[in-house]
Amino acid sequence: MRFKDIAINSPPTTNIPTPLYLRLMTETASNKKVRVRFAPSPTGGLHLGGVRTVLFNYLFAKHHGGDFIVRIEDTDQTRFVEGAEAYIFNTLEWCGLVPDESPLHGGPFAPYRQSERKPIYRQYAQQLIDAGKAYYAFDTSEELEAKRKEIPNFQYNQTTRTVLKNSLALSKEAVAELLAANTPYVVRICMPENEDLGFTDLIRGEVHFNTSQVDDKVLLKADGMPTYHLAVVVDDYLMQITHAFRGEEWLPSAPVHVLLWQYLFGLDQMPQWAHLPLILKPDGNGKLSKRDGDRLGFPTFAMDWTDPKTNETTIGFKERGFLPQAFINLLAVLGWNDGTDQELFTLQELIEKFSIERVHKGGAKFDYEKAKWYNQEWIKTLPATAYSHIVAPLFEAKGIALPDNDQFVAVLDTVKERCVFLNDFVLQAGFYFQTPAVVDLAAIQPKWDVKKQQFFVDLIAQYQLQTEWNSQVLEQVFKELATSQQIKAGELMLPFRIMLVGGKFGPAVFDIAAFIGQAETLHRIQQVIAQLTIA
RNA sequence: GGAGCGUUGGUCAAGGGGUUAAGACACCUCCCUUUCACGGAGGAAUCACGGGUUCGAUUCCCGUACGCUCUACCA
């Protein structure tokens, strides 16, 4: 939201500078401690959009010295997935976003799983029915489905509810009878006929709806579980949530929530809403989905997720070789920036600089290239000691034995600027610790001749005599030999590199030779010569 | 269909009544580097359209187009 949007809404007579007004509005609205919640459904892996929602919640809370709560919204038992909740907490831990309250961390407002709060919601639903703000509806799902098929754009609303099976259309006696017979029913909100429902969104400014356009949403399902609509409002109230951030896809149902607040707890108690822009597909249009990642070859989940039913694993950013610092960073700047040129932020800096007003209104297409850049930057920026413990197992998995830690870290630091992913270290540094398994012979072969072969044979002889083994000496011997044989050193450098490294990459060759030692250097040269043929 | 929301280079974006309209990613050229990266210099490329308001609109207003989200006893 821009300052001007606020200015429009503020009385023209107040001469409070807009930034202050804005601050009053968002920060000290009611002198209450800031409390935000992330409320995921445990239905699968957490994708980019979800993590960004957590992140913005977390940053806002911590920026204001408030609490960050995680509440599990598991009211739909048909969609419940085993392991999904644990996955969510593992992801938060990896990202370094520690909840102050959650089913795992406890807290004064437990339980934090909606399935464990079932009785609470019924009581509020009853309150609404008693006040005439909600009603029983006995129509079965099948009946309604048939209606939708039959009537285009069918909605359960003020015009249709009079002819459907509910406590508004039926006689009191009929309703009592149905209830007594334990007929399954849902509770629906009774939307007023023609009222303007508006609220101030922290990102979008004033947003308005007319109640005539919104249908009578189900509040309590036939199984006694609340729908999201009832549950968020009740729990946000009970858990004293002051600011509620969620994806933009929730905007159309905001009027239902506003109305519920009005009926149940009073608008002055309502948290301030902010509807976050969506993360879009890189190509085409629409919300980024797991399928897009699969299709385009990049992760959309934070960490690997294995579906317990299909046993199918979806790759995550973590396993792809992303640093959590980079992951957090790239998500934070997708739809937000601090107004300066800065692009690299630590979590601490994000907490300090974050402001919900600077979040964009429009969705952002996800750019994996840029995401990779962030990771590369973070790998480069951080000392290797920060991630050597993550990288070491990757080498071990390939059967590469590692030297002592100091040496290992030193090697990582020398090659880190060539790594986009943590996994790249295996290729970029593996040759320091192990003879290359594959050597790019094809890159040497075409220009290989008797003279070059002789050079390397002689080089082996020369190097064998060396008692001092450091890069300066090795380079000097190499060049002198080249000169004496009237071959340009440049023509020999690449073959030499490939012999030692396996391919056309890596840091200075003589440094590598110095590191791997005399015996190993000679061994690698010999081995490759043996595999080359002279045309 | 309806409602709501959105729209600055290919992408992320700063900015906002008068500017040569920042910066980053990607792309191209060159330098550095006897490899690959890193780094450095440069290049190409943009305010969706139409009306207003105004001396002046990318910026403010109104339309239009386009896009997205929702339209479930899912969240």
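Here is the naming used below: chain letters follow the sequence lines, and residue numbers restart at 1 for every chain.
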Between C61(B) and G42(B) - C1' atom distance, rounded Å: 42 Å
Side-chain N,O (Arg148(A)) to OP1/OP2 (G1(B)) below 4.0 Å: no
Can you tell me the distance, in whole Å, between the NE2 atom of His360(A) and the C1' atom of C12(B)? 9 Å
If we take the P atom in both C49(B) and U8(B), what is their distance in whole Å? 12 Å
So, Tyr121(A) versus Asp235(A): side-chain donor-acceptor pair below 3.5 Å or not? yes
Determine the interatomic distance between C1' on A24(B) and the same-named atom on A13(B); round to the nearest Å. 8 Å
Does Ala364(A) reach a base, just sugar-phosphate, or nothing at all? Heavy atoms under 4.0 Å. sugar-phosphate
Heavy atoms of other groups near Lys290(A) NZ, more than 12 under 6.0 Å: yes
How far, in whole Å, is G39(B) from C62(B) if one measures between their P atoms? 46 Å
Is His208(A) touching bases, backbone alone, or none of the nucleic acid, heavy atoms closer than 4.0 Å? sugar-phosphate
I need the CZ-P distance between Arg497(A) and U33(B), as an integer number of Å. 15 Å
Applying a 4.0 Å non-hydrogen cut-off, can you work out what Val509(A) is touching in the nucleic acid: base, sugar-phosphate, or nothing? nothing
So, taking the atom named NZ in Lys452(A) and the one named CD1 in Ile529(A), what distance separates them when rounded to the nearest 0.5 Å? 13.0 Å
With a 4.0 Å cut-off on heavy atoms, is Gly506(A) in touch with a base, just the backbone sugar-phosphate, or nothing at all? base
Is it true that the NZ or CZ of Arg188(A) lies under 6.0 Å from the centre of Tyr156(A)'s six-membered ring and within 45 degrees of the ring axis? yes
Let me know the distance between NZ of Lys361(A) and P of C12(B), rounded to the nearest Å. 17 Å
If the P atom of C12(B) is compared with that of U71(B), how far apart are they to the nearest Å? 26 Å
Return yes if some donor-acceptor pair links the side-chain N/O of Thr43(A) with the main-chain N/O of Arg79(A) below 3.5 Å, else return no. no
Please state how far atom CD in Glu343(A) lies from atom P in G23(B), giving the value in whole angstrom units. 12 Å
Nearest whole Å is fine: how far is C36(B) P from Tyr432(A) OH? 16 Å
Separation of Asn153(A) atom CG from A3(B) atom P, in whole Å? 11 Å
Between P on C73(B) and CZ on Phe154(A), what's the gap in Å once rounded to a whole number? 10 Å
Between A22(B) and C27(B), how far apart are the P atoms? Round to whole Å, please. 22 Å
Considering only the C1' atoms, how many Å lie between G50(B) and A45(B), rounded to the nearest integer? 25 Å
Phosphate-side-chain proximity, Asn337(A) and A13(B), N/O vs OP1/OP2 below 4.0 Å: no
In whole angstroms, how far is the C1' atom of A72(B) from the CE atom of Met225(A)? 17 Å
